[in-house]
A.B. asks: 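Let me begin by handing over the structure; questions about it come next.
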Amino acid sequence: MNKIMGLIVALAVALGSGAFAGEVKSLRGSEANSPDTAPPVYKTLDGIKLERAYRQQPPLVPHDTAKYEIDSKVNQCLRCHEWPYSDQEKAPKISDAHYVDRNGARQDHVNGNRYFCKQCHVPQAETKPLVENNFQPSATAR
Ligand code: HEC
Ligand code: HEC
């Protein structure tokens, strides 16, 4: 019993002193227990429109989004993409799917499950994947 307790204490001390910390790294290369390095700011590919890689893909954003605030009070994306502003701003209108709640009921306002636009729509940029993968666009998209 004492031996086991001793091992547990030794392990706790080792973990507490960060003996293993150097071996664990985040995907961006920072060591465990140190603040993650900020991701680089990518330049948006403006003026061109990249194709969707599969039919259901949320379209990529063909403009910079850094200045547009989205929080519980303000959603600046809507000031251009929600009807009737979309007509005035000549921006594509969000589709009706953005007004449907999780039970399929249609609503007057953008549903909460579509409120945080950048959860699905990311700005177009030339980036290197953090994790290697062999994704290929859907065969029917080519
Ligand atoms: C000042 C008006 C304005 C604001 C604000 C704005 N957009 Fe746009 N957006 C546009 C216009 C105009 C287009 C049409 C493409 C173009 O000319 O860049 C567009 C295109 C898009 C598209 C491509 C749609 C498609 O069918 O391919 C997406 C997605 C998009 N915006 C998402 C966003 C998101 C997300 C935000 C908030 C972070 C946002 N937009 C804020 C004006 C705006
Ligand atoms: C849960 C994922 C998701 C979220 C969140 C979301 N969208 Fe979308 N969006 C999609 C998908 C998928 C499509 C393509 C299918 C469709 O049109 O419904 C789309 C389509 C669009 C289009 C193109 C519509 C068209 O007819 O060409 C625009 C513009 C757009 N979204 C803007 C927004 C804005 C602005 C927000 C935030 C208020 C937002 N989306 C939030 C998934 C999402």
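First listed ligand is number 1; within each ligand, the first listed atom is number 1.
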A.B. asks: For Arg52 and Gln57, which heavy atoms make the closest approach, and how far apart are they?
C.D. replies: NH1-O, 3.1 Å
A.B. asks: So if I count the atoms of ligand 1 from 1 in the order they appear, which ones are less than 4.0 Å from some heavy atom of Lys49?
C.D. replies: 25 (C), 26 (O), 27 (O)
A.B. asks: Would you call Leu60 a ligand 1 contact, heavy-atom distance under 4.0 Å?
C.D. replies: yes
A.B. asks: I'd like to know if the side chain of Asn75 reaches the main chain of Tyr115, judged simply by a donor and an acceptor atom lying under 3.5 Å from each other, with no hydrogens or angles considered.
C.D. replies: yes
A.B. asks: Quick check on Asn134: does its CG atom have over 12 non-hydrogen neighbours (other residues, nucleotides or ligands) under 6.0 Å away?
C.D. replies: no
A.B. asks: Pairs under 3.5 angstrom, nitrogen or oxygen on both sides, ligand 2 versus protein: list them out, please.
C.D. replies:
| residue | atom | partner | partner atom | Å |
| --- | --- | --- | --- | --- |
| ligand 2 | 7 (N) | His98 | NE2 | 2.9 |
| ligand 2 | 7 (N) | His121 | NE2 | 2.8 |
| ligand 2 | 9 (N) | His98 | NE2 | 3.0 |
| ligand 2 | 9 (N) | His121 | NE2 | 2.8 |
| ligand 2 | 17 (O) | Ser95 | OG | 3.1 |
| ligand 2 | 18 (O) | Ser95 | OG | 2.6 |
| ligand 2 | 31 (N) | His98 | NE2 | 2.9 |
| ligand 2 | 31 (N) | His121 | NE2 | 2.8 |
| ligand 2 | 40 (N) | His98 | NE2 | 2.8 |
| ligand 2 | 40 (N) | His121 | NE2 | 2.8 |

A.B. asks: Strictly distance-based, threshold 3.5 Å: is any side-chain N or O of His121 a donor or acceptor partner for the main-chain N or O of Pro59?
C.D. replies: yes
A.B. asks: More than 12 heavy atoms of other residues, nucleotides or ligands under 6.0 Å from CD of Glu126: yes or no?
C.D. replies: no
A.B. asks: If the cut-off is 4.0 Å to any non-hydrogen atom of Lys90, which atoms of ligand 1 fall inside it?
C.D. replies: 12 (C)
A.B. asks: Under 4.5 Å between side-chain heavy atoms, chaining through other members, with only Ile, Leu, Val, Met, Phe, Trp and Tyr counted: pull out the rest of the cluster around Val122, sorted by chain and number.
C.D. replies: Leu45, Ile48, Leu50, Leu60
A.B. asks: Distance-only, no hydrogens or angles: does the Asn103 side chain make a donor-acceptor pair with backbone N or O of Ala105 under 3.5 Å?
C.D. replies: no
